[in-house]
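What you see below is based on every heavy atom in this structure, not just the backbone, and it leaves out hydrogens, waters and symmetry mates.
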Amino acid sequence: MLNPRPLIAIVGLGYVGLPLAVEFAKKYQVFGFDININRVSELKMGIDHTLEICEDELNSVIKKDINSDSGLYFTSDVGKIKQCTIYIVTVPTPVDRNNRPDLTPLMKASATVGLVLKKGDIVIYESTVYPGVTEDECVPVLAKKSNLKFNVDFFAGYSPERINPGDKTHTVANILKITSGSTPEVAEYIDQLYKSIITAGTYKASSIKVAESAKIIENAQRDINIAFVNELAMIFNRLGINTNEVLDAAGTKWNFLNFKPGLVGGHCIGVDPYYLAQKAQEVGYYPEIILAGRRVNDGMGAYVADQLIKQMVQKKTQITGAKVLVLGFTFKENCPDVRNTKVIDIINRLREYNVHVTVHDPWANVIHAKHEYGIICENGESKTRKYDGILLAVAHQEFKDIQLAELCKKNTVVYDIKSVLPNGIVSSRL
């Protein structure tokens, strides 16, 4: 008999886990668990450095009393979540330096949950994975650590996250949620659980593998479409044709897909296609389109840097020692997340030309930028110099009205890869 009034543990309190925990906490007693003690301490004080949840909303659900009927209790003590009946795992699923799936965070989270798993409990995974990971990789870890039998003593489900960091419109409750379970009864229970907090509704998949597959192709499809327009941008650049004008013209047809060229980074679109490619190769199929799209998108940072340098050369700028300002470092606009940002590829390529690069980003988490990439965002001093080249890499709201004239020399090249700066000052666009 499944628990009609579950105690829910959210394992992992990042960009995905925290918004989900807050939403569930409005109706249920929720334990937010994370191994990062500093993260837990900040959240207890109502501070979310990801900026996904505003302070007022977070404080409205935080409970200091562990026995409250509803609300959110933060902890890094695994013993505190032992009483829970539902465990929802929302840890990241990255790739390694060779673009191979790295399931380490997922396996460690599964081992942690396995230590507190009890008869009748359900473990739901939201992390993006290739088909089969939940049942073939995670469940055995749960069974081994708990000494319980799958689909007899404990159950599993998969409900892929669809969070769009920085997007205050498409929030957890406003995005249709795919659900699935390891038995028909559990699948229905999980579907009803999510339906109780998701105003946009749910879609119950026929199996966990179908749900896993649906999520992985969502991002692979977007990656391929962006790769297509990126390749078009490179072709039209050689032909001397404005790519955005071409896309605007083509977009007048009712069924034309509206994608724009640009960098593809972050923890989803730039990563997930490799998960699908890995699984495909395991069963003897080498995916051509998926990996071709990845090659195009992975090469865009270097391409952008090369285009900027070529234009600087055309203006007779001395490249060695030239000063370039890069506007934006996060993987997307209006978001502090620097994970897997492809702006670093632009910077690294420019440095190969012995160019001095300055980075200005009012949104980037400066601690993460320094720790993960060695990048210092000079958000004050960057505005007091003049530059040989200025490259807008991220379309933060603040950049739409930025005054660049005082930062430019007579022959400064201004390269806007997001098409947000006014025409009068821009030398070129992607």
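No donor-acceptor pair under 3.5 Å is formed between the side chain of K215 and the backbone N or O of V129. One N or O on the side chain of R39 and one on the backbone of L13 form a donor-acceptor pair closer than 3.5 Å. Looking only at distances, a side-chain donor or acceptor of D102 sits under 3.5 Å from a matching main-chain atom of T104. Remark: side-chain polar atoms of S110 are not paired, donor with acceptor, to backbone N or O of L142 under 3.5 angstrom. Proximity of a side-chain donor or acceptor of Y158 to a complementary backbone N or O of V133 within less than 3.5 Å is not detected. A donor-acceptor contact shorter than 3.5 Å links the side chain of Q281 to the backbone of A277. When atom types are taken as modelled, the side chain of N297 and the backbone of V264 share no donor-acceptor pair closer than 3.5 angstrom. A distance-only check finds no donor-acceptor pair linking the side chain of T320 to the backbone of N354 [under 3.5 Å]. Under the 3.5 Å distance criterion, the side-chain polar atoms of Y353 are left unmatched by any main-chain donor or acceptor of A305.
By the 6.0 Å contact criterion, CD on E288 is open, its count of non-hydrogen atoms from other residues, nucleotides or ligands being 12 or less. In K409, the NZ atom is crowded: over 12 heavy atoms of neighbouring residues, nucleotides or ligands sit closer than 6.0 Å. The number of heavy atoms from other shown groups lying within 6.0 Å of NE2 (H49) is above 12. A 6.0 Å sphere centred on CG of L115 holds more than 12 heavy atoms belonging to other residues, nucleotides or ligands. Crowding of L239 atom CG: a count of heavy atoms from other residues, nucleotides or ligands under 6.0 Å exceeding 12.
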Check residues 344-351 and write down every donor-acceptor pair under 3.5 Å in which the side-chain atom is one partner and the other belongs to a residue at least two apart or another chain.
{"unit_1": "N348", "atom_1": "ND2", "unit_2": "I344", "atom_2": "O", "d": "3.3"}
{"unit_1": "R349", "atom_1": "NE", "unit_2": "D306", "atom_2": "OD1", "d": "2.9"}
{"unit_1": "R349", "atom_1": "NH2", "unit_2": "D306", "atom_2": "OD2", "d": "2.9"}

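Using modelled atom types and a 3.5 Å distance limit, the side chains of K386 and T412 yield no donor-acceptor pair. A donor and an acceptor atom, one from each side chain of Y373 and T341, are nowhere located under 3.5 Å apart. Using modelled atom types and a 3.5 Å distance limit, the side chains of Q397 and W363 yield no donor-acceptor pair. Side-chain N/O atoms of D388 and T317 include no donor and acceptor closer than 3.5 Å. Judged purely by distance below 3.5 Å, without hydrogens or angles, the side chains of R429 and N423 pair a donor atom with an acceptor atom.
Of all heavy-atom pairs between I216 and Y275, the closest is CD1-CB, 3.7 Å.
The pair R294-D272 does not count as a salt bridge, with every side-chain nitrogen at least 4.0 angstrom from each carboxylate oxygen. Salt-bridge annotation for D191 and K177: absent, with no side-chain N of the basic residue lying under 4.0 Å from a carboxylate O of the acidic one. Between K332 and D337 there is no salt bridge, since none of the side-chain N atoms of the basic residue sits less than 4.0 Å from a carboxylate O of the acidic one. Using a 4.0 Å cut-off between a side-chain N of Lys or Arg and a carboxylate O of Asp or Glu, K26 and E57 qualify as a salt bridge.
Rounded to the nearest 0.5 Å, atoms NE2 (H360) and NE2 (H396) are 8.5 Å apart. Separating the OH atom in Y387 from the NZ atom in K323 is a distance of 9.0 Å, to the nearest 0.5 Å. Of the inter-residue distances, the one linking Y203 atom OH with T179 atom OG1 reads 10.0 Å to the nearest 0.5 angstrom. Annotation: the span from F331 atom CZ to N340 atom CG amounts to 9.0 Å, rounded to 0.5 Å. With values rounded to the nearest 0.5 angstrom, I175 atom CD1 is found 8.0 Å from R162 atom CZ. To the nearest 0.5 Å, the span separating NZ on K195 from OG1 on T202 amounts to 4.0 Å.
Of the candidates I178, I88, V172, Y194 forms a side-chain contact (heavy atoms from CB on, under 4.5 Å) with just one, namely I88.
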message = Evaluate K209 against E212 for salt bridge (Lys or Arg N to Asp or Glu O under 4.0 Å), listing each step before the verdict.
response = CA-CA 5 Å; K209 286 185 174 65; E212 291 169 327; 5.9 Å; no
inquiry  = Assess the residue pair E333 and K400 against the criterion (salt bridge (Lys or Arg N to Asp or Glu O under 4.0 Å)); give the C-alpha distance rounded to whole Å, side-chain angles, the decisive distance to 0.1 Å, and a yes or no.
reply    = CA-CA 11 Å; E333 66 276 4; K400 295 180 180 180; over 6 Å; no
